[in-house]
Amino acid sequence: MPELPEVETIVRCLGCLLLGLEVEAVRVAFRPVIRNRKPSALDRLVGRQIVGLRRRGKMILVDFSGGITAIIHLKMTGQLLFCPAAAPSDKHTHLALAFRGSDHELRYRDVRKFGFILGVRTGDVDLAPELRGLGPEPLTLDLLSFLRRLEGRRGRLKSLLLRQNVIAGVGNIYADEILFQSGLHPLAEVSRLSRRCLERLWSAIQQVLNEAILFKGTTIRDYRDGEGLEGLFQNRLEVYGREGEACTRCGTVIRRIRVSGRSTHFCPRCQRR
DNA sequence: GCCACTGTTAGCAT
DNA sequence: CATGCTAACAGTGG
């Protein structure tokens, strides 16, 4: 469930805590979460310092000294937690890094095991198949580039928002919120949207994602930031998870439908087709 | 106990 | 260019 705002929150949170720490030990409890086929740089982290934390789409990039980067995708239920080494860890903790002179460690947890960690050379990060083909970052994409990017595309508007090769980082929750904010119907045909509508869409993307980052993301169930804290944006959701409740803008009952296999929430009055 | 559901994404057939 | 379906996995709720 971590989408762009959640991953951004984790990266900002952990950036402050991890920068400069030197890896003292690596514990791997469940090897398959490491995607490298052969023993890789990830097996040689001891002695390296963490020199950077970045986000690309929904992925976390941890840069280590010596030119190694860990690419981490949390998928639905992954967590990256900086916690006391003494705290008990459960069966869903698949990997942990201990640091020299620190009583805290960094743990990677993932109940459903969909997530992964991949070690690459820092210079090759953008070439990794997981990052290749990822669309631009929505929050640094200006309006004109956005419009150009959507030119010639077809299909349902919501499906388009979810496609990581078009725009990176938007997932199911924020797609619904962005559509509500822009007053557009999830099933609207992309190729038939007026320029005015596309501008509203672009602006809603900026607004919703930035606001969600300010509120440190949405915790429905599993999401936690780097210190184990819940987000606050779940209290500000306008449509997601509000099926049967009243629209905050017009009072109409929020409806839920299925769009490309994903649960989709919208206000039938504020979001006309 | 069984079944349907869940925030992600890749791979497949169409 | 697009769609829908399935699968990976574990937990939750009816």
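Each chain gets a letter, A, B and so on, in the order its sequence line appears, and its residues count up from 1.
- Comparing B:dG7, C:dA2, B:dT9 by their closest approach to the side chain of A:Arg154 singles out C:dA2.
- Residue A:Arg224 is classed as having no contact, given no heavy-atom separation below 4.0 Å to the nucleic acid.
- In this structure, A:Leu160 atom CG and C:dT3 atom C1' are separated by 14 Å, rounded to whole Å.
- Considering only the side chain of A:Arg163, C:dA2 comes nearest among C:dA2, C:dG11, B:dG7.
- In this structure, A:Arg44 is not positioned above the aromatic face of A:Phe64 in the sense of NZ or CZ being under 6.0 Å from the six-membered ring centre and within 45° of the axis.
- Closest contact between the side chain of A:Arg112 and the listed nucleotides C:dC9, C:dA2, B:dT9 involves C:dC9.
- Among the atoms of the strands shown, only primed sugar atoms or phosphate atoms (P, OP1, OP2) are found under 4.0 Å from some heavy atom of A:Ser263.
- Rounding to whole angstrom units, CZ of residue A:Arg221 and C1' of C:dG13 are separated by 9 Å.
- In this model, no side-chain donor or acceptor of A:Arg156 finds a partner on the base of C:dT3 within 3.5 Å.
- Side-chain atoms of A:Asp124 never come within 3.5 Å of backbone atoms of A:Leu127 as a donor-acceptor pair (strictly under, hydrogens ignored).
- Neither OP1 nor OP2 of C:dA10 sits under 4.0 Å from any side-chain N or O of A:His92.
- Although no hydrogens or angles enter the test, the distance criterion places no donor-acceptor pair under 3.5 Å between the side chain of A:Glu211 and the main chain of A:Gln206.
- Residue-level contact check: A:Asp110 touches neither bases nor backbone, having no heavy atom under 4.0 Å from any strand.
- Within the 4.0 angstrom heavy-atom criterion, no nucleotide atom of any strand lies near A:Gly261.
- Remark: A:Glu189 does not engage A:Arg192 in a salt bridge, criterion side-chain N to carboxylate O under 4.0 Å.
- Using a 4.0 Å cut-off between a side-chain N of Lys or Arg and a carboxylate O of Asp or Glu, A:Arg56 and A:Glu137 qualify as a salt bridge.
- Residue A:Ser159 is classed as a sugar-phosphate contact, given heavy-atom separations below 4.0 Å to backbone atoms only.
- Atom P of nucleotide B:dG7 and atom CE of A:Met59 are separated by 19 Å, given to the nearest angstrom.
- Aromatic pair A:Phe266/A:His185: centroids less than 6.0 angstrom apart.
- Rounded to whole Å, atom C1' of B:dG7 lies 13 Å from atom CD1 of A:Ile10.
- Residue A:Lys113 has no polar side-chain atom (N or O) positioned under 4.0 Å from OP1 or OP2 of B:dT9.
- Using a 4.0 Å heavy-atom distance criterion, A:Arg153 is classed as a sugar-phosphate-only contact.
- Partner assigned to C:dG13 is B:dC3, using Watson-Crick or G-U wobble distances below 3.5 angstrom.
- The aromatic ring of A:Phe114 stacks onto the base of C:dA8, its centre lying under 5.5 Å from the centre of the six-membered base ring with the two planes under 30° apart.
- Using a 4.0 Å heavy-atom cutoff across all strands shown, A:Glu3 reaches sugar-phosphate atoms only and no base atom.
- Computed from coordinates, the A:Arg109 CZ to C:dC9 C1' distance equals 14 Å when rounded to whole Å.
- Separating the P atom of B:dC3 from that of C:dT6 is a span of 16 Å, rounded to the nearest Å.
- Protein atom CD of A:Gln79 is 17 Å distant from nucleotide atom P of B:dG7, rounded to whole Å.
- Counting non-hydrogen atoms under 4.0 angstrom, A:Tyr240 reaches the backbone sugars and phosphates but no base.
- Checking B:dG7, B:dC5, B:dT9 against every side-chain atom of A:Ile220, the shortest atom distance belongs to B:dG7.
- When the C1' atom of C:dC9 is taken as reference, atom NZ of A:Lys75 falls 11 Å away, rounded to whole Å.
- The listed nucleotides are B:dG7, C:dC9, C:dG11; the one nearest the side chain of A:Asn172 is B:dG7.
- Remark: A:Lys58 is in phosphate contact with B:dT9, judged by side-chain N or O atoms under 4.0 Å from OP1 or OP2.
- In this structure, A:Arg192 places its CZ atom 20 Å from P of C:dC1, rounding to the nearest Å.
- Within the shown strands, C:dG4 is the pairing partner of B:dC12 under the Watson-Crick or G-U definition, both distances less than 3.5 Å.
- Looking at A:Ile10 and A:Leu53, their side chains never come closer than 4.5 Å, going by heavy atoms from C-beta outward.
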